[in-house]
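What follows is one structure encoded as structure tokens, with my remarks underneath.
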Number of protein chains: 2
Amino acid sequence: MLKLTKKADYGLMALKFLAEHPERSALSAKDVADAYGIPAQLLAKILQQLTRSGLLRSHAGMNGGYALAREARSISAYEVILSIDGPFFITSCTKGKTGCELTTNCTIKEPLARVNETIAGVLKSISIQDLAEHEQPAARERNARELVALTL
Amino acid sequence: MLKLTKKADYGLMALKFLAEHPERSALSAKDVADAYGIPAQLLAKILQQLTRSGLLRSHAGMNGGYALAREARSISAYEVILSIDGPFFITSCTKGKTGCELTTNCTIKEPLARVNETIAGVLKSISIQDLAEHEQPAARERNARELVALTL
DNA sequence: TGTAATTCCGACAGAAACGGTCGTATACTG
DNA sequence: CAGTATACGACCGTTTCTGTCGGAATTACA
């Protein structure tokens, strides 16, 4: 239904939270979970996944936790969603390698693939820092032309 | 996971098929289902829903079936998806009236709402006729500026 | 009038995805 | 060593999705 999973939401929230607290060298999963009322163990798994994808750096032990692996500005919402929910295709027929197993050619796929790229483009244009700043002026003018190029 | 349901896919395919066969006054659910290998009864329910939403006109009885209620050019992919899958919000927290029941304010919602509108804008810019024509040049230049206005 | 084609509608069942929990192992700090 | 924290896999309950079944109402046509 074209909606992010809660996991992806949690992930974005967590990264935003980390971006907002650069003074702490690391925040534990529990810190973040408490801040937002997210189930701690669930968030832990999400953060572990983000670590595996290289978006976070983790450190076990006392005073350990997670920190952004890169600048907030250079981490896009797209990467986060991709890491947590896996690759998304707007068409449900595009499943892995098999392609569309339905009829000879569901020509519907082609135009929707363009929509898919547009969405990806929009998500790529939004950085974690954009989320952390309550206004996100930076992402605006920056990608205007690019967006047009993508959709058309 | 940011993906259309199969039902929505089926609905788009069916409308595309109807748009491609204007010579027939009506096509039965079975006709369309056979053409694409879609489960007939499932497609029937989808077409009924689209009829309820006013996108199709139905006619029972022999030689009955479904036909587009409007010009293919004036029916957008957005309307189809909306009819079948219901209103979509990219953030999973935006549930009906309650709003975000999580923390005081998940500021994440605000930027993503803009993404949501962008996606809606793209889907609105794609008509059934665009799907029927294998190239969809019409939707291109037409909505370029509008898209920019939406995202920013 | 009767029969076949077809839409209409609700209920339901199997399957998959999602959200969340638990237990345990591992790593680091002091 | 003890406490804090990540890492990871198994599992379960709920929801959503996909598809099926059965029956009722509508229409065309012989």
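Quick note on labels: first sequence line is chain A, next is B, and so on, each numbered from 1. The figures here come from the full heavy-atom set of this structure, side chains too, leaving out hydrogens, waters and symmetry mates.
Side chain of Ser125(B) to main chain of Val122(B): a donor-acceptor pair is present (N/O by atom type, distance under 3.5 Å, no hydrogens or angles).
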Determine whether Arg70(B) and Glu79(B) satisfy the following criterion, salt bridge (charged side-chain N to carboxylate O under 4.0 Å, His left out), listing intermediate values before the conclusion.
CA-CA 12 Å; Arg70(B) 292 186 257 137; Glu79(B) 292 178 275; 2.6 Å; yes

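A straight line from CD1 of Ile38(B) to P of dT18(D) spans 12 Å, rounded to a whole angstrom. Protein atom CD1 of Ile84(B) is 12 Å distant from nucleotide atom P of dC17(D), rounded to whole Å. Rounded to an integer number of Å, the gap from CE of Met62(A) to C1' of dC1(D) is 14 Å. Atom-to-atom, CD1 of Ile46(A) to P of dA7(D) comes out at 14 Å; the value is rounded to the nearest Å. In this structure, Leu42(B) places its CG atom 16 Å from P of dG10(C), rounding to the nearest Å. Rounded to whole angstrom, the span from the CG atom of Leu4(B) across to the C1' atom of dT18(D) amounts to 15 Å. For the pair Gln49(B) CD and dG10(C) P, the interatomic distance rounds to 11 Å; values are reported in whole Å. In this structure, His59(A) atom NE2 and dA7(D) atom C1' are separated by 15 Å, rounded to whole Å.
Candidate nucleotides dT18(D), dT7(C), dG23(C) were compared by shortest atom distance to the side chain of Ala60(B), and dT7(C) ranks first. Of the candidates dA4(C), dT26(D), dT21(C), the closest approach to any side-chain atom of Pro39(A) belongs to dT21(C). In the set dG19(C), dT6(D), dG22(D), dT6(D) carries the atom at the smallest distance from any side-chain atom of Tyr66(A). Between dC28(C), dT18(D), dG20(C), one nucleotide has an atom nearer to the side chain of Tyr10(A) than all others, and that is dG20(C). Of the candidate nucleotides dA5(C), dT20(D), dA27(C), dT20(D) has the atom nearest to the side chain of Lys45(B). Looking at the side chain of Lys6(A), the nearest of the listed nucleotides dG19(C), dA5(D), dG19(D) is dG19(C).
The shortest distance between the side-chain N/O atoms of Thr51(A) and the OP1/OP2 oxygens of dT6(D) is not below 4.0 Å. Checking the phosphate oxygens (OP1, OP2) of dC28(C), no side-chain nitrogen or oxygen of Asn63(A) falls inside 4.0 Å. In this structure, Arg52(A) reaches the dC8(D) phosphate: one of its side-chain N or O atoms is under 4.0 Å from OP1 or OP2.
Enclosure of atom CZ in Arg57(A) is not indicated, since only 12 or fewer non-hydrogen atoms of other residues, nucleotides or ligands lie within 6.0 angstrom.
No option in Leu56(A), Val32(A), Leu131(A) other than Leu56(A) meets the side-chain contact (heavy atoms from CB on, under 4.5 Å) test with Leu15(A).
Using a 4.0 Å heavy-atom criterion, one finds that Ala29(A) contacts the sugar-phosphate atoms exclusively.
Side-chain contact of Tyr10(A) with Lys45(A): a donor-acceptor pair under 3.5 Å is absent, judged by distance alone.
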